[in-house]
There are 2 protein chains.
Amino acid sequence: MAVSDQVNADVGNGGGVRQRSRASIERRILEAAESVFAEAGFNGATTAEIARRAAIPKANLHYYFNTKEELYQQVLTGIVNTWLHTADEITIDADPAQALAHYITAKVELARERPIPSRVFANEIIHGAPHLGKYLGSELRAWVDTKAKVIRGWIAAGKMRDIDPKHLLFMIWASTQTYADFASQISAVLGKEQLSPQEYKAVARQVTEIILRGCGLTPPTQI
Amino acid sequence: MAVSDQVNADVGNGGGVRQRSRASIERRILEAAESVFAEAGFNGATTAEIARRAAIPKANLHYYFNTKEELYQQVLTGIVNTWLHTADEITIDADPAQALAHYITAKVELARERPIPSRVFANEIIHGAPHLGKYLGSELRAWVDTKAKVIRGWIAAGKMRDIDPKHLLFMIWASTQTYADFASQISAVLGKEQLSPQEYKAVARQVTEIILRGCGLTPPTQI
DNA sequence: GATTTTTCTGACCGAATGATCAAGTTTTTT
DNA sequence: AAAAAACTTGATCATTCGGTCAGAAAAATC
């Protein structure tokens with residue numbers, strides 16, 4: 001976006017073919033980068049391979065993104081923005097069982113539908129988050145503080161057992177994202193290439209049941 | 001071990017200074033490799049950095065381990081062997097609540113005491129386990145089948161709720177190992193360099209409580 | 001249609017990396 | 001103490017990687 005703005009700032013065509021094509025090629029590059037970063041990590045990923053998957057010469061890739069670092073940052077930013085609003089239903093007025101069930105279900109569905117960005121993010125965290133800068137300690141931390149306060153409100157209102165909200169969130173993250181991040185292990189152990197949509201639903205149901213009962217809540221009736 | 005056998009096969013000194021020093025230097029190299037692989041992944045790790053941390057010239061490292069791949073394999077094998085016997089208490093005759101509580105507690109303690117190998121393993125899995133060969137689909141799969149059968153026995157005996165044993169194991173793995181693999185995220189979100197032993201105990205207690213209650217079990221009284 | 005701007009690309013470069021090797025030194029064996 | 005085996009190491013090599021550059025091609029602007 002920033003690059004696009006800068007380069008096309010003086011083009012007075014009001015978002016014509018030029019800008020559309022630039023946006024589309026940048027999207028193609030970012031998609032290719034996403035998959036390469038997921039498979040090989042930042043260090044293992046090569047700009048040559050990203051260019052190959054985007055079907056452009058490497059020099060052309062460096063025309064759109066100056067450095068590999070810049071490309072990685074954009075991929076990470078995209079992932080993070082996607083994740084920021086996944087728990088909007090966790091509010092003080094919501095029913096805890098319903099809200100948590102929805103959150104867990106949504107997270108499992110995300111693990112099924114978009115496992116690749118999840119892996120890029122997980123890889124970054126495992127290696128100590130060297131490229132995420134202060135994001136974890138500022139924005140994500142504030143997000144968690146907000147949600148934790150909501151859950152503490154539920155507990156104070158006697159709606160659920162007294163548990164540590166933040167570690168509950170960590171447990172939900174772990175239990176759901178494991179189906180994206182560690183998919184290869186799960187596939188191998190279960191002896192199947194990939195889980196069916198039905199199996200993902202069963203996973204969501206079981207994780208929800210265990211977490212909710214663990215919090216002293218009654219899981220909402222399944223449809 | 002294989003390298004050591006081969007090189008020292010004809011030395012008839014019955015495990016003297018020579019072999020002791022070889023074992024010790026190999027251990028030092030493996031420890032250095034473990035930390036470098038954990039921080040940078042297989043691709044990002046450099047033999048030069050491993051040699052530096054082991055305080056030997058790079059050429060000498062290649063005397064003990066021919067290739068980086070061989071070094072990585074030994075690190076992975078070591079981790080895997082460490083993990084094989086962590087759930088020995090999960091047997092058909094055991095009390096489910098006690099056995100699962102012990103397993104979860106042991107896993108959290110392992111996450112605290114040995115996070116580095118956990119990260120090497122996690123990194124390998126995230127990238128599709130390209131260096132683990134058939135291990136996941138054979139040995140680990142058989143291990144999970146065995147434990148799943150035990151848990152199904154518990155369920156059949158009416159000792160706990162009817163849940164899918166394998167996905168329960170995945171959930172336990174995820175919820176415990178997240179404290180090793182994603183430590184940087186947890187630290188940043190909680191705003192503390194690292195968790196205290198007391199906090200790890202609280203984590204183990206809460207994860208145990210949620211999982212056990214989720215399985216319709218009563219957590220054993222804490223000491 | 002000429003000029004300017006943007007996009008594209010093959011060729012290339014310096015740095016880093018995994019691995020090798022030959023020439024040493026030390027230890028063990030005889 | 002001579003010979004053999006094991007160990008150490010600086011120097012070096014081929015390859016790969018991220019990134020650059022000059023100039024061609026295409027598109028937009030005048």
Side-chain angles (χ1 to χ4, degrees), chain A residues 2-29 32-33 36-37 39-75 131, chain B residues 2-29 32-33 36-37 39-75 131:
Chain A
V3 174
S4 185
D5 285 350
Q6 179 199 323
V7 176
N8 285 335
D10 299 334
V11 177
N13 64 1
V17 182
R18 203 63 169 263
Q19 285 185 348
R20 246 198 310 282
S21 117
R22 174 176 266 269
S24 116
I25 198 172
E26 281 181 353
R27 216 178 314 121
R28 211 168 75 228
I29 293 172
V36 174
F37 284 134
E39 287 169 24
F42 179 77
N43 290 300
T46 67
T47 55
E49 175 63 16
I50 295 173
R52 200 189 60 75
R53 294 198 196 182
I56 56 170
K58 193 181 69 165
N60 199 11
L61 183 152
H62 277 95
Y63 172 75
Y64 286 100
F65 297 90
N66 289 322
T67 66
K68 184 166 92 160
E69 173 74 30
E70 182 183 327
L71 200 42
Y72 187 64
Q73 285 290 344
Q74 292 227 7
V75 169
H131 302 269
Chain B
V3 174
S4 184
D5 284 352
Q6 179 199 325
V7 176
N8 286 335
D10 299 333
V11 176
N13 65 359
V17 181
R18 201 62 169 263
Q19 284 186 347
R20 247 199 309 282
S21 117
R22 173 175 266 269
S24 117
I25 197 172
E26 281 181 354
R27 216 178 313 121
R28 210 169 74 226
I29 293 172
V36 174
F37 284 134
E39 287 169 24
F42 178 77
N43 290 299
T46 67
T47 55
E49 176 63 16
I50 295 172
R52 200 190 60 76
R53 293 198 196 181
I56 57 170
K58 194 181 63 165
N60 199 10
L61 183 152
H62 278 94
Y63 173 77
Y64 287 99
F65 298 89
N66 289 324
T67 66
K68 185 168 89 161
E69 173 75 31
E70 183 183 326
L71 199 44
Y72 188 63
Q73 284 291 344
Q74 293 228 8
V75 169
H131 302 269

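Predicted, not measured: the structure shown is a model, and the values here were computed from it. We use all heavy atoms of the structure for the numbers below, so side chains are in, but hydrogens, waters and symmetry mates are not.
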Legend entry - Listed nucleotide nearest any side-chain atom of A:N60, set D:dT20, C:dT9, D:dT8: C:dT9
Inset, instruction - Please test B:E69 against B:H131 for side chain to side chain donor-acceptor pair (under 3.5 Å), starting from the C-alpha separation and ending with a verdict. - result: CA-CA 8 Å; B:E69 173 75 31; B:H131 302 269; 3.0 Å; yes
Legend entry - Rounded distance (nearest 0.5 Å) linking atom OG1 of A:T47 with atom CD of A:E49: 10.0 Å
Legend entry - Residue A:T47, side-chain atoms from C-beta onward, closest of C:dA19, C:dG18, D:dG19: D:dG19
Inset, instruction - Select one nucleotide: of C:dC8, D:dT20, C:dC21, the one nearest the side-chain heavy atoms of B:A59. - result: C:dC21
Inset, instruction - For D:dA6, take OP1 and OP2 only and decide whether either is under 4.0 Å from a side-chain N or O of B:R22. - result: no
Legend entry - Length of the CD1-P vector between A:I56 and D:dA25, whole Å: 20 Å
Inset, instruction - Check the distance between C:dT7's P and A:I29's CD1 and give it to me in whole angstrom. - result: 12 Å
Legend entry - Shortest side-chain distance from A:Y63, nucleotide among C:dC8, C:dA19, D:dT9: C:dC8
Inset, instruction - Mind calculating the distance between CD (A:E49) and C1' (D:dT16) to the nearest angstrom? - result: 14 Å
Inset, instruction - Give the rounded distance in Å between these two atoms: NE2 of B:H62 and P of D:dC13. - result: 18 Å
Inset, instruction - Give, for atom CD1 of A:I29 and atom OH of A:Y63, the distance between the pair rounded to the nearest 0.5 Å. - result: 11.0 Å
Legend entry - Interatomic distance, A:K68 NZ vs D:dG18 C1' [rounded to whole Å]: 8 Å
Legend entry - Closest to the B:P57 side chain, choosing from C:dT9, D:dG19, D:dT9: D:dT9
Inset, instruction - Give the rounded distance in Å between these two atoms: CD of A:E70 and P of D:dT20. - result: 11 Å
Legend entry - Lys/Arg-Asp/Glu bridge criterion (N-O < 4.0 Å) met for B:E39, B:R53: yes
Legend entry - Interatomic spacing from CZ in A:R22 to OH in A:Y64 - rounded to 0.5 Å: 5.5 Å
Inset, instruction - Looking at every strand, decide which applies to A:A51 at a 4.0 Å heavy-atom threshold: base, sugar-phosphate, or nothing. - result: nothing
Legend entry - 5' precedence on DNA chain D between B:K58 and A:F42 (nearest-nucleotide basis): B:K58
Inset, instruction - Would you kindly give the OH-to-C1' distance between A:Y72 and D:dG19, to the nearest whole Å? - result: 20 Å
Inset, instruction - Could you check how far CD1 of A:I25 sits from P of C:dT7, rounded to whole Å? - result: 9 Å
